[in-house]
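The structure under discussion appears below in the form of structure tokens.
Naming: A, B, ... by sequence-line order, numbering from 1 per chain.
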Protein chains: 2
Amino acid sequence: MDLPTAIKHFRRQQHIARPGETRTAIYRLEEGWACRYSLLPDGRRQITVLYLPGDYCEPQWLLSGKAELPVLAMTGVRATVVPLATIHSQPGDGVKRLLGDMVQVMERQSRWIVSLGRKNAVERVSELLADLYARLGGAQGADGLCTIPLTQRDIADVVGLTPVHVNRVLQGLRQSGLVEIRGRTLLVRGEQLPLGAAA
Amino acid sequence: MDLPTAIKHFRRQQHIARPGETRTAIYRLEEGWACRYSLLPDGRRQITVLYLPGDYCEPQWLLSGKAELPVLAMTGVRATVVPLATIHSQPGDGVKRLLGDMVQVMERQSRWIVSLGRKNAVERVSELLADLYARLGGAQGADGLCTIPLTQRDIADVVGLTPVHVNRVLQGLRQSGLVEIRGRTLLVRGEQLPLGAAA
DNA sequence: CGGATCCTTGAGTGGGCTCAAAATTAGTGG
DNA sequence: CCACTAATTTTGAGCCCACTCAAGGATCCG
């Protein structure tokens, strides 16, 4: 109803968009994480994009106006609704900002293709955690630890591994002091994790 | 010099763009294939995008003006030079067409992430060949066969496998009648190959 | 015709998967 | 606050797909 700041809430495991839907607005995540994923007929799932607080979800709706793949809230989500009409009617920063975001997403996807195609389990998990650490803007907690609200199954569906193997990899990283696990919460100590170098 | 149709040629294995370069024009491939790739310090290579005749290379230069990763001619290439200034000065179809292409590339990358993360060797190679067959616009030869000018090493660097294993997979597909190999040329019989279904 | 690149084949290895079960944690309703 | 259930994490044993290493044949190119 009110134009400037419509807010929408989603619960964990609730769909933000479903394939084929026409989209007339995009969301800016204010709080919580979301993902775009793909489900194979036999149940295998692969997450193709992660959306963190501050991200626009999904930029390409500006161009295509249609959702190709399902988008899911991975935690509770609070998002600002940004109607496409609003953006188009003010053809200044808004469009540019979003197109820039699209390029960012593309580059991140390219890097991820490299990881999935050519890197082993430890490298993939490390790179994911390093990327998330960087995107969260450095440390959150006072002790340089930042919180990852993902299930080990979720991580597995990002890095293309099984939950069991992700668990074993995380145990290795834990012994290296790179991550901590308190209850069901994953804490990452950023810095040392190797970001994906390439040429 | 001449504005409307500047043409540029590249030989096989010649770089079309190198990382960090400023780009003031994009190319439209008239003939030949190209790819964007990433090289890890230890020599592992992963191809992230394939450009076929008719494709614009690379659309995101319109927005970023900079090459992030190297682009390589995989065969002899003849390309039309499209200066970015030309596109921006005629803000009609040109921009829209290119942005549409960008979305296409993004969706193809998403599908490829699914393949690399969740599919086995046979599925990946089949999907690649099916995708190429579709993008080449159906059959080229009179017999419903289309030609793939890629090395088995090139294919390996797309699907994230070793050349040796790609060879064994292709032999399986050959016995299934899905592909033919004449000398060093790969011929694909499209139709039956399963395109990546997802939901 | 020589050299380089590419394709092919074989034997052995290993990283990540599968299957299965137990332990821990989160969530729910009374 | 507690009992109960569901979801997640953890651990173990065995297996298989794709890799590695190595050598020999084809094919291309100058």
Should Leu84(A) and Leu62(A) be marked as a side chain to side chain contact (heavy atoms under 4.5 Å, CB included) after you check the CA-CA gap, both sets of side-chain angles, and the distance that decides it?
CA-CA 6 Å; Leu84(A) 297 182; Leu62(A) 177 67; 4.1 Å; yes
Span that lies between the C1' atom of dG12(C) and that of dG25(D), in whole angstrom
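The answer is 22 Å between these two C1' atoms.
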Between atom [atom1] in [X] and atom [atom2] in [N], what is the gap in whole Å?
{"X": "Leu161(B)", "N": "dA18(D)", "atom1": "CG", "atom2": "C1'", "result": "8 Å"}
{"X": "Asn120(B)", "N": "dC17(D)", "atom1": "CG", "atom2": "P", "result": "9 Å"}
{"X": "Ile155(B)", "N": "dC7(C)", "atom1": "CD1", "atom2": "C1'", "result": "12 Å"}
{"X": "Leu173(B)", "N": "dC7(C)", "atom1": "CG", "atom2": "P", "result": "15 Å"}
{"X": "Arg153(B)", "N": "dT8(C)", "atom1": "CZ", "atom2": "P", "result": "15 Å"}
{"X": "Asn167(B)", "N": "dG10(C)", "atom1": "CG", "atom2": "C1'", "result": "12 Å"}
{"X": "Glu123(B)", "N": "dC17(D)", "atom1": "CD", "atom2": "C1'", "result": "13 Å"}
{"X": "Leu170(A)", "N": "dG16(C)", "atom1": "CG", "atom2": "P", "result": "14 Å"}

Residues Arg108(B), Asp101(B): salt bridge by 4.0 Å N-O rule
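No.
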Salt bridge Asp157(A)-Arg118(B), side-chain N to carboxylate O under 4.0 Å:
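Arg118(B) and Asp157(A): salt-bridged.
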If you check every side-chain atom of [X], which of [options] has the closest atom?
{"X": "Val164(A)", "options": "dT9(D), dG12(D), dT20(D)", "value": "dG12(D)"}
{"X": "His165(A)", "options": "dC19(D), dC7(C), dG16(C)", "value": "dG16(C)"}
{"X": "Arg168(A)", "options": "dT11(D), dT9(D), dT20(D)", "value": "dT11(D)"}

For the pair Glu68(A) and Arg111(B), evaluate salt bridge (Lys or Arg N to Asp or Glu O under 4.0 Å) and give the outcome as yes or no after the intermediate values.
CA-CA 11 Å; Glu68(A) 283 293 329; Arg111(B) 259 178 278 136; over 6 Å; no
Starting at the 5' end of DNA chain C and moving along, which residue's nearest nucleotide shows up first, Ile181(B) or Ala121(A)?
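Going by which nucleotide is closer to the 5' end, it is Ile181(B).
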Leu52(B) side chain reached by Asp55(B) side chain, heavy atoms, under 4.5 Å
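Answer yes - side chains close enough.
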Classify the nucleic acid contact of [X] as base, sugar-phosphate or nothing, counting any heavy atom under 4.0 Å across all strands shown.
{"X": "Arg124(A)", "answer": "nothing"}
{"X": "Arg12(B)", "answer": "sugar-phosphate"}
{"X": "Arg174(B)", "answer": "sugar-phosphate"}

More 5' along DNA chain D: Arg118(A) or Leu150(A), using each one's nearest nucleotide?
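It is Leu150(A), whose closest nucleotide lies nearer the 5' terminus.
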For a quick test of reading the model: is some side-chain N or O of [X] closer than 4.0 Å to OP1 or OP2 of [N]?
{"X": "Thr162(B)", "N": "dC19(D)", "answer": "yes"}
{"X": "Gln171(B)", "N": "dT9(C)", "answer": "yes"}
{"X": "Gln152(A)", "N": "dT10(D)", "answer": "yes"}

